[in-house]
There are 2 protein chains.
Amino acid sequence: MSEKSEADANSKRVVRQLPPSKAALTRSAILDTGNRFLETRPFRELTVANLMAETEHSRSTFYLYFNDLHGLMETLLNEVKGGIVEGARAWLLNEADAVSGLHESLRALVDVGYQHGSILKAVADAAPSDERLEHVWETFLGSFDQVVSARIAQDQAKGITPEFDPLPVARALNRMDAGVLINAFGSVQKANKEEVLSAIMRIWISTLYPFDAAGSIGHRFK
Amino acid sequence: MSEKSEADANSKRVVRQLPPSKAALTRSAILDTGNRFLETRPFRELTVANLMAETEHSRSTFYLYFNDLHGLMETLLNEVKGGIVEGARAWLLNEADAVSGLHESLRALVDVGYQHGSILKAVADAAPSDERLEHVWETFLGSFDQVVSARIAQDQAKGITPEFDPLPVARALNRMDAGVLINAFGSVQKANKEEVLSAIMRIWISTLYPFDAAGSIGHRFK
DNA sequence: GGATTTTTCTGACATGGCGTTAGTACGCCT
DNA sequence: AGGCGTACTAACGCCATGTCAGAAAAATCC
């Protein structure tokens, strides 16, 4: 789903196959370098020459492994993707205790955001300048809209979540998460993890489980 | 605060003064064209040549009025800014009825977003590729964080809003608004206004005024 | 109503990043 | 040693950018 090598529609030519591996080595060297680069400098300063200079390879080598910088970003995103989806499961699968499942999922999300904030920001920054990457990024975000929305509907059926149109609310909450994570953890000096977590946690819970909120948030009603 | 002309630190040379005005005319012709362009095509397709071709002027003329495309975007943003700040006042100033003030403000916000969605998306898209514009955009968003946070603190003092650290929550809610508006109204086929409004409205109110939520949202407690 | 100054505009250039192509270097096999 | 595939690179053409010196058009003067 990303670049040359892995099974891949849409790229003009697939180069380098997985099994033998001097290639795999240089490829991941490039990925590493890119990763390191983006931890300290914004995507706009990343140029192919710029990137490969921190490598022992020539600029043209880059094009043997990636179609362009956006292709590189897509690959980087895919590396993070797993962690996020993983973390989300706590809430999505725990039918028993919605509130604490959500707690857990959001905590996991914030953790991943904290670790890979620079990648997330870089991808979000890179997306608007490339149609394909923009589509990938939006699809990525959109996939959460779907599952969150489904879970909300489920909790509404159970009566633990107020009635409302789930999809737009899911979208809003997800955009919030994305925006907050990138804002908080996208630059060199990262925000306080607990502070961020408790802010988004409060918003999710107030919105989805307001009946619990009294106890859970610890505040009297009327 | 934007480009050549208006009082303006940081631009290398200020050209064209306001009062006499053949210049002002071409300048706004360019702005108009840019505006029109961005209503149907993304920022990444906007090039100086591209833009000026839809004008009766040459490419170089562009540089008489703007430093670069990002400068143009900054000017475009400033034109929208007013409307948004304006709309926010309803809630910020209405001490009497927080909930309905917030209703009003969010409705105004969604209206502005609906009208100028393409500009907002274009600016957000353009920001990451230019340090200066990125700073402007973040400052713009950040300014709302400040005022919203202040208002929250005030309502907490009054006891109508639960106790929590206001700033991170304000930030999260604002990022949500920005993300939602751009997502919903940034492309050619815009989302349903009422749907968007009621989603973000619900989230804001559940979070800030949960004690009202029961009545206002119309759902039984426990 | 022609000359002069000021305003507005433009063609032509240099720069820099991009992506491709033709070709080189190296290891391995037999 | 010759041939083959893998891994790499130097050099090229392209396109958008921003600048600059000077042309054209408008305004002003006499």
Side-chain angles (χ1 to χ4, degrees), chain A residues 3-5 10-31 33-34 37 41-74 125-126 128-133, chain B residues 3-5 10-31 33-34 37 41-74 125-126 128-133:
Chain A
E3 202 65 14
K4 324 209 180 185
S5 63
N10 122 317
S11 72
K12 300 185 257 164
R13 293 167 310 155
V14 175
V15 186
R16 307 287 181 259
Q17 62 287 43
L18 304 181
S21 63
K22 167 74 176 305
L25 207 67
T26 27
R27 185 181 144 102
S28 59
I30 297 177
L31 283 169
T33 309
F37 186 104
R41 304 170 63 183
F43 176 77
R44 78 176 87 83
E45 288 175 19
L46 183 65
T47 120
V48 177
N50 230 348
L51 168 68
M52 296 307 286
E54 298 187 7
T55 279
E56 358 175 66
H57 299 280
S58 84
R59 196 175 71 84
S60 357
T61 298
F62 175 83
Y63 294 97
L64 293 179
Y65 298 96
F66 303 94
N67 286 322
D68 53 23
L69 287 175
H70 301 284
L72 176 82
M73 296 315 299
E74 188 178 343
D125 281 359
S129 54
D130 183 75
E131 178 157 17
R132 174 169 157 81
L133 185 60
Chain B
E3 202 65 14
K4 324 210 182 187
S5 62
N10 123 316
S11 72
K12 300 184 257 167
R13 293 169 310 156
V14 175
V15 186
R16 307 289 182 258
Q17 62 287 46
L18 305 180
S21 62
K22 166 74 176 308
L25 207 68
T26 28
R27 184 181 144 101
S28 60
I30 297 177
L31 284 169
T33 309
F37 187 103
R41 305 169 64 182
F43 176 76
R44 71 173 151 285
E45 289 175 18
L46 183 64
T47 125
V48 177
N50 230 350
L51 168 68
M52 297 306 286
E54 297 187 7
T55 279
E56 4 174 60
H57 299 280
S58 85
R59 195 177 70 83
S60 355
T61 299
F62 174 84
Y63 294 98
L64 294 179
Y65 299 95
F66 303 94
N67 285 323
D68 54 23
L69 286 175
H70 301 283
L72 177 83
M73 296 316 297
E74 188 178 342
D125 281 359
S129 56
D130 183 75
E131 177 157 15
R132 176 170 157 79
L133 185 61

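Chain A is the first sequence line, chain B the second, and so forth, proteins listed ahead of strands; every chain is numbered from 1. Computed over heavy atoms, backbone and side chain alike; hydrogens, waters and symmetry mates excluded.
- The two atoms that bring Val48(A) and Leu69(A) nearest to each other are CG2-CG, 3.9 Å, heavy atoms only.
- Applying the 4.0 Å criterion to OP1 and OP2 of dC20(D), one finds that Ser60(B) has every side-chain N and O outside that range.
- DNA chain C lies under 4.0 Å from at least one heavy atom of each of the following residues of residues 46-58 of chain A: Thr47(A), Val48(A).
- The side chain to side chain donor-acceptor pair (under 3.5 Å) test applied to Thr26(B) returns Tyr65(B), not counting sequence neighbours.
- With sequence neighbours excluded, the residues satisfying side chain to side chain donor-acceptor pair (under 3.5 Å) with Ser60(A) are Ser58(A).
- Separating the CZ atom of Arg27(A) from the C1' atom of dA7(D) is a distance of 15 Å, rounded to the nearest angstrom.
- Here the nucleotide nearest the side chain of Thr61(B), chosen from dA10(D), dC9(C), dC18(C), is dC9(C).
- Listed candidates were dA12(C), dC9(C), dC18(C). Nearest to the side chain of Arg59(A) is dC18(C).
- In this structure, Phe62(A) places its CZ atom 14 Å from C1' of dT20(C), rounding to the nearest Å.
- One atom, CG of Asp68(A), and another, C1' of dG17(C), lie 13 Å apart when rounded to the nearest Å.
- Rounded to a whole Å, the CG atom of Leu64(B) is 10 Å from the C1' atom of dT7(C).
- Remark: Asp130(B) engages no residue in a salt bridge (Lys or Arg N to Asp or Glu O under 4.0 Å) (not counting sequence neighbours).
- The nearest whole Å value for the distance from the OH atom in Tyr63(A) to the C1' atom in dG17(C) is 8 Å.
- Atom CG in Leu25(A) sits about 17 Å away from atom P in dT6(D), given to the nearest Å.
- Residues that satisfy the ring pair (Phe, Tyr, Trp, His ring centres under 6.0 Å) test with Phe62(B), not counting sequence neighbours, are Phe66(B).
- Glu45(A) pairs by the side chain to side chain donor-acceptor pair (under 3.5 Å) definition with Arg41(A), not counting sequence neighbours.
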